[in-house]
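Beneath this line is the structure, given in structure tokens, with notes to follow.
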2 protein chains.
Amino acid sequence: MSTTIDEATATASNTPCCSLTAGPIGAAQAERLAEMLKALADPTRLRLLSHITAQGCQEVCDCDLTEELGITQPTVSHHMKKLVDAGLITREQRGRWAHYSVVPEAFDQLRNFLDLS
Amino acid sequence: MSTTIDEATATASNTPCCSLTAGPIGAAQAERLAEMLKALADPTRLRLLSHITAQGCQEVCDCDLTEELGITQPTVSHHMKKLVDAGLITREQRGRWAHYSVVPEAFDQLRNFLDLS
DNA sequence: ATCTTACATTGACGGTCATCAATGTGTCAG
DNA sequence: CTGACACATTGATGACCGTCAATGTAAGAT
């Protein structure tokens, strides 16, 4: 469970070039990319993500997100876990609060893949 | 049903800038982006897409994709429809064969959104 | 020690999805 | 006209997902 982040970042840096124009991709790579995209492919998670990136990865506690999106706290917790497991954001527990920050490498990898050049 | 492509391309060009760093996004925009991402968030569809882009949008018939991915023809047809409905690719029927090509604007929009700068 | 706060976990429910076999539809060849 | 081909559609099945209420857990405050 705790190795998902490491795996994601590791595979992200291991991938040399994975553009859509570089020929057909294999089943394994498709599976990995689909996992990241699946984590993104939800309106609520996109909004949660945008709230994190908008605040410059500063103090972001789940209670604020709960109020602003109109969803319950377990739902926020569930979505955050999905984003973390996909390697898109990281979670750092400081005292009682959880601080989230994005993983730029993951987004680089996705943008790289979606690049038709 | 047939207006999905027009809608997708229209909204794609209507969006001025939708980067993740440009502050929290609204529910409507999140919904639209999630639809495109959901179409991408499947291993089989990613592989199908890579086969189209790899051949430079040339002669691509579903039967070839069926053999190479090891899935049945209805499944290929189903996935292709999803990609077309999401506005990621277009379909042109020439005679008996269907020719597919990517919609660069859709990918530009996604890359733009995933850009942390 | 007790209470509050911040978040995780569990269990359940309704909805959506990927896949296939079977069948339908339209197109070209002989 | 008939048969073969390329693809769409339908219906069914098993799996997964988003959401919530209820409950658990761990840390700080009093």
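So that the names make sense, note that chain A is the first sequence line, chain B the second, and so on, each numbered from 1.
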Any side-chain N or O of [X] under 4.0 Å from OP1/OP2 of [N]?
{"X": "B:T44", "N": "C:dT19", "result": "yes"}
{"X": "B:K82", "N": "C:dA18", "result": "yes"}
{"X": "A:S77", "N": "C:dA8", "result": "yes"}

Short side-chain donor-acceptor distance under 3.5 Å, A:S50 and A:T53: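 No, no side-chain donor-acceptor pair sits under 3.5 Å.
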Expressed as a whole number of angstroms, how long is the span from [X]:[atom1] to [N]:[atom2]?
{"X": "A:D64", "N": "C:dT5", "atom1": "CG", "atom2": "C1'", "result": "13 Å"}
{"X": "A:R94", "N": "C:dC7", "atom1": "CZ", "atom2": "P", "result": "12 Å"}
{"X": "B:K81", "N": "C:dT19", "atom1": "NZ", "atom2": "C1'", "result": "17 Å"}
{"X": "B:R45", "N": "C:dT19", "atom1": "CZ", "atom2": "P", "result": "8 Å"}
{"X": "A:D42", "N": "C:dC17", "atom1": "CG", "atom2": "C1'", "result": "14 Å"}
{"X": "A:E31", "N": "C:dA18", "atom1": "CD", "atom2": "C1'", "result": "12 Å"}
{"X": "A:I71", "N": "C:dA8", "atom1": "CD1", "atom2": "P", "result": "13 Å"}

Toward the 5' end of DNA chain C, by each residue's nearest nucleotide, A:T75 or A:W97: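 Nearest nucleotide further toward 5': that of A:W97.
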Within-4.5 Å side-chain heavy-atom neighbours: B:D42 and B:K82: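 Of all side-chain heavy-atom pairs linking B:K82 with B:D42, none is under 4.5 Å.
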Side-chain heavy atoms of B:T90 within contact of B:V84, under 4.5 Å: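 A side-chain contact is absent here, since even the closest heavy-atom pair is not under 4.5 Å.
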Which atom of B:L40 lies closest to which atom of B:L110, heavy atoms considered: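 What the structure gives for the nearest pair is CD1-CD1, 3.4 Å.
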Atom of B:T66, atom of B:I71 and distance for their closest heavy-atom approach: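 Residues B:T66 and B:I71, closest heavy atoms: CG2-O, 2.7 Å.
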Verify same cluster id: A:L116, B:F113 (apolar side-chain graph, 4.5 Å):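 Cluster IDs for A:L116 and B:F113 match.
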Side chain A:Q73 and base C:dA6 donor-acceptor under 3.5 Å: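 Donor-acceptor pair under 3.5 Å: no.
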5' precedence on DNA chain D between A:G95 and A:H78 (nearest-nucleotide basis):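 On the 5' side of the pair lies A:H78.
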Nearest-nucleotide 5' precedence on DNA chain D, A:G70 against A:K38: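 First, find each residue's nearest nucleotide; the 5'-ward one identifies A:K38.
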Covered region of DNA chain D, 5' end to 3' end, by chain A [heavy atoms, under 4.0 Å]: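 Extent of the interface on DNA chain D: D:dC17 to D:dA29.
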Presence of salt bridge, B:D115 and B:R111, under 4.0 angstrom: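 Between B:D115 and B:R111 there is no salt bridge, as every charged N stays at least 4.0 Å from the carboxylate O atoms.
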